[in-house]
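Structure first, then comments.
Throughout, protein chains are lettered first and strands after them, A, B, ... in sequence-line order, and every chain is numbered starting at 1. Small disclaimer: the values here were computed from a predicted structure and weren't measured.
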Amino acid sequence: MSQKKIRQQFADTMLEVGQSDPDLVVLIGDISHFILQPFAKICPGRFYNIGICEPTIVGMAAGLARVGFYPVVHTIAPFIIERSFEQIKLDFCYQNLPGNLITVGSAFDYSNLGCTHHCYDDFALLKSLPNTQIIYPASSAEFDILFRQTYRNESLTLFRIPENQHEYPIDPSAIQFGKAIKIEEGKDITIISTGPQLGNAVKARGRLLIDGWDTELIYVHTVHPLDMPLIRQSAEKTRKVLVVEEHNRFGGMGHDVLQGIYDVRGLQFASLAIDSFVHEYGSYEELCSGLGLSVDGIMRAVKSNFKK
Amino acid sequence: MDRISKEIRENILRIAHHSGHGHIPTCFSIIEMLRAVYESMRYNPKQPDYDERDIFILSKGHAALGLYCTLARYGYFPISDVFSLGVFGSNFGCHADRFKIPGIELSTGSLGHGIGVAAGMALGFKLSGNSRKVFVLIGDGEANEGSVWETAMVTANLHLDNLTILFDNNRSQSRCLPVTNPEEKFTSFGLKAMTVDGHDVSAIKEVVLCPVEGTPRAIVAQTTKGMGCPTLVRDVFAWHRRSPNSDELKILLGELNETSV
């Protein structure tokens with residue numbers, strides 16, 4: 001099945017929302033210029049390809065928010081989140097201003113471009129600031145639904161757009177900001193995944209079942225705030241929790257999950273995450289395999305970390 | 001130097017002495033610029049958030065005490081409030097917090113931020129067809145930051161003619177990275193740049209009020225750090241972040257008093 005790319009959905013959503021909301025302004029750092037031209041044409045004066053100067057883009061977006069607009073800043077993840085972190089911290093968060101950061105190049109999506117174009121600390125950095133939200137939509141529908149639900153609220157929201165989708169069909173009515181989704185019921189172990197890793201988790205569940213593990217699958221599209229009630233309920237049932245995420249282990253979703261369930265009696269916990277720079281080149285799938293963020297990796301993690 | 005400029009400086013000295021805080025020389029270099037802006041722009045101290053006001057942002061946030069004393073002079077709050085500078089529980093910090101002080105449009109401190117936010121506000125006013133203007137004051141030391149020049153390029157490219165950059169050229173970076181010939185630099189970045197005597201309120205007002213079509217402006221104000229007190233001017237680095245003791249206060253007030261009008 002060929003799905004619409006999430007980045008294309010982003011452009012389509014801007015066009016649709018922009019037509020009905022004159023307060024939506026899009027600022028980009030010379031990325032997605034072409035696909036945003038319909039928005040630029042239909043919403044004149046509200047599209048700016050500012051240049052390759054991300055701190056200025058973020059600062060200007062905060063200025064637009066300060067005078068009542070709802071800005072969208074869009075470029076490659078590390079150049080917004082890492083290079084412009086002080087602008088995010090001081091120009092948006094310290095001033096308590098709302099806005100939207102929409103990144104492409106999730107984790108190591110730019111797999112053969114090397115570490116300069118990777119970003120796997122964005123959850124940790126954004127979570128360290130007040131009044132922030134993190135959404136990791138791994139399907140076009142999720143982006144569209146969650147953007148509309150949140151872009152005009154009073155927080156700074158990061159949308160981490162991955163190149164790959166999980167391709168698991170989710171009922172659109174179940175996609176609610178701040179709510180994790182229980183994909184499958186199970187009783188032996190809980191696997192919590194975010195982003196495209198849901199696809200691997202679903203496949204691993206089938207194989208684990210053959211080996212006698214009845215896995216409960218939870219999918220997270222809203223990384224912050226995290227839906228701890230659902231996660232805790234599952235952890236109390238299975239007492240075994242594996243988190244799978246394309247993020248640094250430090251400050252990732254795994255840390256938040258563990259903090260919320262550490263006192264579950266008899267808890268066994270492990271996480272599949274990134275521990276350092278990803279130095280390898282190759283395809284996204286090859287890098288995932290090398291890091292254990294794969295069906296085989298999940299199988300190995302379950303068998304080596306958990307006792308039935 | 002007229003009576004008002006002296007009075008603002010006297011308050012800065014007294015509050016710096018009382019509180020033990022304050023970047024006095026940098027405050028003294030911007031007083032006339034602040035006055036020229038507040039005597040030119042639309043504002044209402046009794047209703048600081050009124051919709052049609054113009055915006056002033058002090059990007060070199062460490063001169064906050066200078067701004068506080070100026071805002072007090074123009075009616076935002078009594079000067080007596082500012083004597084709590086830096087005290088636990090006070091609204092007046094050594095960098096200003098926009099949620100605590102009326103008239104502060106942006107909380108600043110880290111250099112190179114105010115200009116980007118100012119550019120965004122200016123763009124926003126243009127988008128809404130509003131005639132509101134934005135003034136942002138940056139220092140020459142602050143112009144060591146790359147973000148200043150990134151934003152300068154962008155403002156020219158977007159023709160933000162409702163934005164005025166006031167450049168406090170007090171040459172504070174003489175010992176590390178001097179920003180030479182700022183007028184030429186801003187011009188080459190596409191702005192309409194001009195140089196004025198930064199301690200002449202009417203000269204600054206004249207250029208602030210003069211409309212420019214299609215281009216943001218950079219007003220390079222030639223200033224002296226510590227202007228009004230020869231002791232501060234002479235030993236500007238030692239006084240960068242010092243507050244005067246009682247004897248020093250007496251000397252500085254005496255010097256200020258003797259400064260020619």
Side-chain angles (χ1 to χ4, degrees), chain A residues 18 21-30 40 43-73 75 79-80 83-101 129-131 154 156, chain B residues 49 51-55 57 59 61 93 95-100 104-134 136 138 145-160 162-163 189-190 216:
Chain A
D21 185 350
D23 295 337
L24 183 77
V25 182
V26 177
L27 309 179
I28 66 166
D30 208 22
C43 303
R46 290 192 279 132
F47 169 78
Y48 296 91
N49 187 351
I50 296 285
I52 305 168
C53 47
E54 297 80 8
T56 291
I57 301 174
V58 175
M60 287 184 71
L64 283 162
R66 182 75 178 84
V67 297
F69 290 93
Y70 287 88
V72 164
V73 172
T75 189
F79 312 137
I80 299 182
R83 187 189 195 97
S84 314
F85 183 68
E86 198 184 58
Q87 275 72 19
I88 294 173
K89 172 189 158 193
L90 296 180
D91 301 353
F92 270 104
C93 297
Y94 184 34
Q95 319 292 336
N96 201 26
L97 293 170
N100 303 281
L101 310 173
L129 298 172
N131 197 30
E154 293 306 304
L156 179 68
Chain B
D49 290 334
D51 283 347
E52 295 309 308
R53 74 192 186 281
D54 294 325
I55 300 290
I57 292 172
S59 193
H95 293 107
D97 183 331
R98 79 178 184 96
F99 296 106
K100 294 180 178 172
I104 299 294
E105 302 285 0
L106 191 76
S107 310
T108 55
S110 179
L111 299 174
H113 283 257
I115 185 171
V117 178
M121 293 174 88
L123 178 62
F125 293 153
K126 281 201 162 277
L127 286 185
S128 26
N130 205 306
S131 66
R132 294 170 70 183
K133 294 187 172 66
V134 182
V136 59
I138 67 173
E145 297 282 1
S147 57
V148 167
W149 300 102
E150 273 184 24
T151 304
M153 272 192 285
V154 171
T155 63
N157 194 40
L158 296 180
H159 308 289
L160 299 179
N162 54 349
L163 175 72
F189 274 66

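- Partners of B/Lys126 under the salt bridge (charged side-chain N to carboxylate O under 4.0 Å, His left out) rule, at least two apart in sequence or in another chain, are B/Asp161.
- Without hydrogens or angle criteria, A/Arg66 side chain to B/Gly124 main chain gives no donor-acceptor distance under 3.5 Å.
- Within the 4.5 angstrom heavy-atom criterion, no atom of B/Ile115 approaches chain A.
- Under the side-chain contact (heavy atoms from CB on, under 4.5 Å) test applied with B/Leu127, the options A/Asp23, A/Val67, A/Val25 reduce to a single match, A/Val25.
- Both the backbone and the side chain of A/Leu64 have a heavy atom closer than 4.5 Å to some heavy atom of chain B.
- Sequence neighbours left out, the pairs with a member in residues 49-62 of chain A that pass salt bridge (charged side-chain N to carboxylate O under 4.0 Å, His left out) are A/Glu54-A/Arg83.
- Across A/Gly63 and B/Met121, no two heavy atoms sit closer than the pair O-CG, 3.3 Å.
- Considering only heavy-atom pairs separated by less than 4.5 Å from chain A, the leading option among B/Ser107, B/Ser147, B/Ala122, B/Ala118 is B/Ser107.
- Residues B/Phe99 and A/Asn96 meet the side-chain proximity criterion, which asks for heavy atoms closer than 4.5 Å.
- Comparing A/Ala61, A/Gly51, A/Pro55 by heavy-atom pairs within less than 4.5 Å of chain B, the highest count is held by A/Pro55.
- The one candidate from B/Val117, B/Thr108, B/Leu106 that meets the side-chain contact (heavy atoms from CB on, under 4.5 Å) condition with A/Asp91 is B/Val117.
- With a 4.5 Å cut-off on non-hydrogen atoms, A/Tyr94 touches chain B through its backbone and its side chain both.
- In this structure, no portion of A/Ile52 lies under 4.5 Å from any heavy atom of chain B.
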